[in-house]
Amino acid sequence: TTIISEYLPSSSTSSDNPSAPPPSYISQSLHHLFCLLGTTYVDSFIVYFNGLLFDDQDEDDSNLVMNDFEALVEAWKELEFHYRNDRIKKLGVSEFTKNRFERFLDVVEVPPKIDQINVKGFCDLPRQMIGYAKEHDIELLTHRDPTDILPSTTFQKVLKDAKFPITSELLPRWVLKYSVLIKCREVVANKG
């Protein structure tokens with residue numbers, strides 16, 4: 001089972017740091033997934049933090065300010081907890097550059113083993129990133145997902161179409177995408 005968890009723009013509960021979602025969303029999303037699939041662990045969990053973009057030309061990682069970085073590390077600690085308790089077998093991140101990895105690996109205990117990169121804007125991954133991934137045993141995956149996977153207008157329309165009783169505007173906090181594969185055959189058994 002491979003999981004991709006995405007924090008959405010509305011995930012913050014802080015007016016001081018609007019891009020910092022609480023780490024408890026990791027546990028909430030895992031709990032919901034375990035109930036849905038009737039399992040107690042996942043093979044891979046990849047987390048995407050709203051607003052991170054892969055820009056290998058960004059030498060100082062300037063689009064990730066310190067408050068955002070600290071929030072990212074706090075959420076990662078929650079993932080490490082689930083990893084240590086055998087609920088997640090392999091941890092991953094999304095849109096990490098070489099510079100972001102170097103900064104991140106200095107402060108986490110369990111290093112990411114997957115980096116999922118959006119290749120919408122380019123055809124090939126930068127050689128520097130490929131070399132860094134090989135050196136640190138990081139699996140590079142690519143995707144072409146939109147940066148805003150579930151806009152609030154789409155979410156409101158889904159609720160309305162489902163005739164969900166809404167008393168005020170609800171906003172999604174996180175989205176999970178999952179794929180369940182039959183290992184020996186690489187056949188998709190379930191996804192959502």
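Because only heavy atoms are used, hydrogens play no part in the values below, and waters and symmetry mates are left out as well, while side chains stay in. None of these values were measured; they are calculated from a predicted model.
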Whether Y132 and F101 hold their rings parallel, tilted or perpendicular, with breakpoints at 30° and 60°
tilted
Nearest non-hydrogen partners of [X] and [Y], listed with the distance:
X: I26; Y: E78; answer: CB-CG, 3.7 Å
X: M129; Y: I117; answer: CG-CD1, 4.3 Å
X: Y83; Y: I88; answer: CD1-O, 3.3 Å
X: W76; Y: G92; answer: CZ3-O, 3.6 Å
X: I138; Y: P112; answer: CG1-O, 3.8 Å

Taking it one step at a time, do E109 and R84 satisfy salt bridge (Lys or Arg N to Asp or Glu O under 4.0 Å)?
CA-CA 11 Å; E109 294 177 27; R84 284 189 196 94; 2.6 Å; yes
Check whether any side-chain heavy atom of [X] lies under 4.5 Å from a side-chain heavy atom of [Y], and answer yes or no.
X: N99; Y: F104; value: no
X: L33; Y: V42; value: yes
X: F45; Y: R87; value: no
X: H82; Y: S27; value: yes
X: L79; Y: V47; value: yes

Take L141 and I46 through the test side-chain contact (heavy atoms from CB on, under 4.5 Å) and record every step on the way to the result.
CA-CA 11 Å; L141 303 175; I46 301 167; 4.1 Å; yes
Apply side-chain contact (heavy atoms from CB on, under 4.5 Å) to residues T153 and K157 and explain how you reach the verdict.
CA-CA 6 Å; T153 53; K157 182 176 179 341; over 6 Å; no
Drop me the distance from D115's CG to R100's CZ, to the nearest 0.5 angstrom.
9.0 Å
Are V93 and F81 connected into the same hydrophobic cluster when the rule is that any two of I, L, V, M, F, W, Y join if their side-chain heavy atoms are below 4.5 Å apart?
no
Does NE2 belonging to H32 count more than 12 external heavy atoms closer than 6.0 Å?
yes
Tell me whether the NZ or CZ atom of K89 lies within the 45° cone about the ring axis of Y41 and under 6.0 Å from its centre.
yes
Under a 4.0 Å N-O cut-off, is there an ion pair linking E74 with K77?
yes
Does this structure show an ion pair linking E139 with K90, if we count only N-O contacts that are shorter than 4.0 Å?
yes
Output all residues satisfying side chain to side chain donor-acceptor pair (under 3.5 Å) with Q116, sequence neighbours left out; order by chain, then residue number.
none
Decide side-chain contact (heavy atoms from CB on, under 4.5 Å) for I114 and L91; before the verdict, give the C-alpha distance in whole Å, the side-chain angles of both, and the deciding distance to 0.1 Å.
CA-CA 7 Å; I114 301 170; L91 297 175; over 6 Å; no
Partners of D137 by side-chain contact (heavy atoms from CB on, under 4.5 Å), sequence neighbours excluded?
K113
